[in-house]
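See structure below.
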Amino acid sequence: MMGSKLSTALISIKLLALAALTTAAQAQDKAQDKSSDIIARGEYLARAGDCTACHTAPEGRLFAGGRAMPTPFGTLYTSNITPDPDTGIGKWSADDFYKTMHSGRFPDGGLIYPAMPFASYTKVTRADSDAIFAYLRSIAPVNQRNKPHELRFPYDNRQLILGWRTLFFSEGEFKPDPKKSAEWNRGAYLVEGLGHCGMCHSPINALGGTSQSDAFKGGLIPMQNWYAPSLTSNREAGLGDWSIKDITDLLQTGVSMRGVVYGPMAEVVHNSLQYLNDEDTKAMAVYLKGIAEPSPPPPASSTLPTTESSLLISLGKTVYDKQCASCHGTQGEGKPPHWPPLANNQSIEMQSAVNPIRMVLNGGYPPGTRGNPMPYGMPPFAGLLSDNEIAAVVSYIRTAWGNRGTPVSAREANELRSAPLN
């Protein structure tokens, strides 16, 4: 009888121990699943923030830094953000990472040059910051020391950043607009915060800053010689009269029925935007469409003498019919989405003619994306056409078929022949 009771007790103890182990294993599995979910979300958010573009050098290791970033003040080199404890962020805490994103300061309080878009990243929520940090902690560490910046005097004095911050930096997480929809606010968070679209699509002054009143109004990208058009003006890249599908197609695939991305924007689509889910892409489209402001058509006036303009347009039509019409159509109608229309194309009519001149000179491809893995490209004509012919054909497409752009000069074409290709 005693033996039977002892056996029963032992069995009960074993069952309790087994149940405890099962519960512990389930808890561990649940914790691992949660950790995996956070890391996966962090990877998604890191793509949304296009962290790869700056923190991975050409032919370099992922997030190991070392990419040269030429600026009007000298050359900056991006930092190693792998979890290496000696040369990366391996000794950082989540608090340290959030402080860097939110306030633009290193964990020790040191000032960060505003080439890092902390003026936008300050809007990122703590939860999203923690997820990105968890993802960066999960990648392979790379032992690679940060390269010292090469800035001219006096810009090599970091204390000058205090003045810049006073003028151009407002710290604080994104605050939803209660008058707008949840979808609009999500789009605003992505465009203004993680996406840091204002870094390129806002005019940059001599101090390297942008006033809040000029946000998203377009400007020349320093040192790259590409023009990032205004996102608010329908005369440039304002998307007020685009359909949501046209906008989402452009963001996700790089091509749409209304246009194609080239230059720096192609890199953004390739590294970042193509990976966003449909909901976030649509939210960005809703926001971008919502901030577009109605704009009157630009005056159809020329800065060139009338006789010179007439000669340019005449020569331009000859060049266009021979070199361009087979793809873009005799009336500029194009064959969208692969060969964009040139008639009534905002990117052709903008005040700045930098982008169309560069496209004729250098050609290019939209990015290869999941939605458009084998994009059609445009050949370069720099070796085939003279400065006069480049100016003529660009002037023609900016003024033909009802386009209301202005002619360009051979001098402008010549100046852009030496522009960097990346």
Q: List the steps and the verdict of side chain to side chain contact (heavy atoms under 4.5 Å, CB included) for Ile132 and Met101.
A: CA-CA 11 Å; Ile132 295 171; Met101 292 273 285; 4.2 Å; yes

Q: For the pair Met284 and Leu251, evaluate side chain to side chain contact (heavy atoms under 4.5 Å, CB included) and give the outcome as yes or no after the intermediate values.
A: CA-CA 9 Å; Met284 290 180 69; Leu251 296 178; 4.2 Å; yes

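In this structure, Val260 and Pro337 approach most closely via the heavy-atom pair CG2-O, 3.5 Å. Residues Ser272 and Ala48 come closest through the heavy atom pair OG-O, 3.5 Å. Nearest heavy atom pair, residue Ser120 against residue Glu192, reads CB-O, 3.3 Å. Scanning both residues, Gly259 and Leu250, for their nearest heavy atoms gives O-CD1, 3.3 Å. When all heavy atoms of Val142 and Thr87 are compared, the closest pair comes out as O-OG1, 3.3 Å.
Counting heavy atoms of neighbouring residues, nucleotides and ligands inside a 6.0 Å radius, atom CE of Met199 exceeds 12 of them. In Arg61, the CZ atom is not crowded: 12 or fewer heavy atoms of neighbouring residues, nucleotides or ligands sit closer than 6.0 Å. Atom CD of Gln351 has 12 or fewer neighbouring heavy atoms from other residues, nucleotides or ligands inside a 6.0 Å radius. Heavy-atom neighbours of Lys282 NZ from other residues, nucleotides or ligands within 6.0 Å: at or below the threshold of 12.
Sorted pairs that involve residues 368-378 and meet side chain to side chain donor-acceptor pair (under 3.5 Å), not counting sequence neighbours, are lacking altogether.
Under 3.5 Å, the side chains of Asp246 and Ser256 contain no donor-acceptor pair of N or O atoms. Defined by atom type and a distance below 3.5 Å, a donor-acceptor pair is missing between the side-chain atoms of Glu333 and Trp339. Between the side chains of Gln252 and Thr281, at least one donor N or O lies within less than 3.5 Å of an accepting N or O. One side chain, Asn414 or Asp387, offers a donor N or O that lies under 3.5 Å from an acceptor on the other. In this structure, a donor-acceptor pair under 3.5 Å is present between the side chains of Asp280 and Tyr44.
Applying the side-chain contact (heavy atoms from CB on, under 4.5 Å) criterion to Asn355, with sequence neighbours excluded, gives Trp226, Tyr227, Met350. Scanning for side-chain contact (heavy atoms from CB on, under 4.5 Å) contacts around Asn344 gives Glu349, with sequence neighbours left out. Under the salt bridge (charged side-chain N to carboxylate O under 4.0 Å, His left out) criterion, Arg137 pairs with no residue, sequence neighbours left out. Take Lys91 and apply the salt bridge (charged side-chain N to carboxylate O under 4.0 Å, His left out) test, not counting sequence neighbours, and it matches no residue. Tyr275 is linked by a ring-ring contact (aromatic ring centres under 6.0 Å, His included) to nothing, counting only residues two or more places apart in sequence or in another chain.
Ring centroid separation for the pair Trp401 and Tyr320 comes in under the 6.0 Å cut-off. Between His102 and Tyr121, a ring centre-to-centre spacing not shorter than 6.0 Å is recorded.
The pair Asp130-Arg126 counts as a salt bridge, with a side-chain nitrogen and a carboxylate oxygen less than 4.0 angstrom apart. Ionic pairing of Asp321 and Lys317 is present here: one or more N-O contacts between side-chain nitrogen and carboxylate oxygen are shorter than 4.0 angstrom.
The side chain to side chain contact (heavy atoms under 4.5 Å, CB included) test with Arg398 singles out one residue from Ile313, Val393, Asn345, Ile348, and that residue is Ile348.
The shortest distance between side-chain heavy atoms of Pro83 and Ile139 falls below 4.5 Å.
Ring geometry for Phe97 versus Trp92: interplanar angle of 30 to 60°, hence tilted.
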